[in-house]
Amino acid sequence: MVNLIEVSKRRNQIMKKLGKGLLIVSSLPEATYSNDVEFKFRQHTDVLYFTGFPEPGTTCILEYDGDKVIYHLFVRKRDKLMETWNGRRFGTEGALEKFKADNAYENGELEKFILDLFKKYENVFYELGNNKSTDELIISSIQKAVKSQDKTGKGSTALINPAFEIHELRSIKSSYEIELLRKVAKISAEAHTRAMAVSKPGMFEYQIEALIDYEFRKNGSKGPAYPSIVGGGINGTILHYIENQDELRDNELLLVDAGAEFDSYAADITRTWPINGKFTESQKEIYQLVLDVQLACIAMVKPGVKFWDINEKSIELITKGLINFGILGGDYDKIIEDKGYKRFYPHGLGHWLGIDTHDTSYVDRKIETLKPGHYFTIEPGIYISDEEDIPEKYRGIAVRIEDDVLVTEEGYDILTSDVVKEIDEVEKLIGSQVLP
Ligand code: GLY
Ligand code: MN
Ligand code: MN
């Protein structure tokens with residue numbers, strides 16, 4: 001359930017940052033799964049962040065005159081028939097009582113109210129591109145408000161994208177959020193541990209996926225925060241492999257990237273392990289390199305450090321390691337200059353994490369200096385194809401190790417550390433439990 005104090009604090013914080021005007025955030029449209037069946041609805045992250053209101057068809061308008069913030073919430077109309085078929089609605093009454101909106105309206109009234117509000121303010125803060133019908137309504141209402149300017153002497157003139165300010169605010173996690181992030185990290189780590197413990201050759205990728213889903217749900221999560229990646233052998237080299245259909249074979253690695261969503265917050269963990277419980281020598285070499293890189297990168301995390309400097313470190317260490325194994329040939333400086341390492345390490349070191357798995361992307365990882373409360377993944381990986389120019393013993397090996405790291409005043413805290421990653425610990429865990 002929504003934390004009313006927390007969401008109210010956020011509404012005040014964002015309007016102080018943006019200044020006088022109106023901030024508008026809206027639900028995304030519902031998406032069709034098949035015919036008249038829809039995907040499960042998930043509220044747009046900004047709507048969740050400022051209101052906690054979970055239903056589709058919602059628009060939140062924050063009105064700020066430089067003194068106080070007025071919270072208007074437009075929600076779906078109560079409808080007995082629709083509620084019998086598709087579930088309960090809070091309606092305007094619930095918006096007022098349970099979500100403490102200052103004013104609640106049925107969403108059909110948005111057009112009428114928006115024009116009056118627009119005539120009062122010069123700045124409308126709204127991010128275009130999420131919801132076509134709200135976009136159209138806002139643009140046409142701004143035009144109408146501007147046209148009425150001569151008569152009233154006032155009128156909204158500027159449409160300003162607030163995404164950067166919103167993301168900047170969202171990127172620093174509060175102590176309330178950190179507790180939720182700890183909880184979802186713990187649920188996710190437990191699911192990985194369980195998957196590792198029951199692994200054995202002959203299982204199928206989807207069985208591991210199903211077990212992880214079950215472990216998430218069993219512990220109160222809504223399910224995965226993103227489609228789980230369960231890739232055995234060469235499938236692990238496909239970065240967003242989500243088919244999860246193949247059999248897990250002896251002597252191959254299994255790469256599992258899965259994180260739960262709990263109370264809207266996400267975790268994002270990857271572990272890679274030998275399906276039969278014992279790394280081969282070449283798997284061990286690649287795995288240990290990725291692990292060493294990950295540990296070295298995590299050790300750099302503290303306030304004042306640039307995320308991108310840690311990213312550069314991961315490139316340096318992976319490139320040197322791959323040269324050492326004879327997988328990359330030639331001059332180190334030239335490989336760095338030509339980005340030759342990208343064939344084996346094609347993604348960045350990590351991303352911000354929070355309500356979205358790929359959170360607050362307007363906060364530029366290339367320039368941002370770490371601050372306490374920043375939260376992100378550290379996920380180096382090496383993906384080796386089975387092409388002929390690769391030394392045979394390394395072909396088809398894919399390793400990624402991903403943890404979720406919080407920046408603290410002193411340094412860092414790894415919230416996903418409950419799931420093991422050292423080679424001896426991993427080998428010991430695999431096959432130690434059986435599925436009922
Ligand atoms: N699970 C998606 C990612 O690691 O970025
Ligand atoms: Mn990630
Ligand atoms: Mn991941």
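Side chains are part of it too, since the values below use all heavy atoms of this structure and drop only hydrogens, waters and symmetry mates. Indexing begins at 1, ligand by ligand and atom by atom, following the structure's order.
A heavy-atom separation below 4.0 Å is not found between H240 and ligand 1. At least one heavy atom of D257 lies less than 4.0 angstrom from ligand 1.
Distances from the Mn ion (ligand 2) show that H358 has no N/O/S atom below 2.8 Å.
Between D338 and K334, at least one side-chain N (NZ, or NE/NH1/NH2) sits under 4.0 Å from a carboxylate O, which counts as a salt bridge. Between R88 and E83 there is no salt bridge, since no side-chain N of the basic residue sits under 4.0 Å from a carboxylate O of the acidic one.
Here the angle at the Mn ion (ligand 2) defined by OD2 in D268 and OE2 in E402 stands at 90°, rounded to 10 degrees.
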Would you check, one step at a time, whether the test side chain to side chain donor-acceptor pair (under 3.5 Å) holds for E177 with Y265? CA-CA 8 Å; E177 291 181 294; Y265 284 81; 2.5 Å; yes

Derivation of the side chain to side chain donor-acceptor pair (under 3.5 Å) call for H347 and E379: CA-CA 9 Å; H347 57 73; E379 51 177 306; 5.0 Å; no

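Using a 30° and 60° split on the angle between ring planes, H374 and W352 fall in the tilted class, from 30° to 60°.
Set against the non-hydrogen atoms of H358, the atoms of ligand 1 under 4.0 Å away are 2 (C), 3 (C), 5 (O). Listed by atom number, the atoms of ligand 1 under 4.0 Å from Y226 heavy atoms are 1 (N). Under a 4.0 Å criterion applied to the non-hydrogen atoms of E402, ligand 1 contributes the atoms 4 (O).
The nearest non-hydrogen atom to atom 4 (O) of ligand 1, considering only R400, H347, E379, comes from E379.
Within E379, the N, O or S atom lying nearest to the Mn ion (ligand 2) carries the name OE2.
Using a 4.5 Å heavy-atom threshold, the side chains of D331 and I335 count as separate.
Taking distance alone, with nitrogen or oxygen atoms compared against 3.5 Å, T357 stays at or beyond that limit from ligand 1.
Nearest protein neighbour of atom 3 (C) of ligand 1, counting heavy atoms only, is D268 OD2, 3.3 Å.
A donor-acceptor pair is defined here as one N or O able to donate and one able to accept, closer than 3.5 Å; no such pair exists between the side chain of D257 and the backbone of R271.
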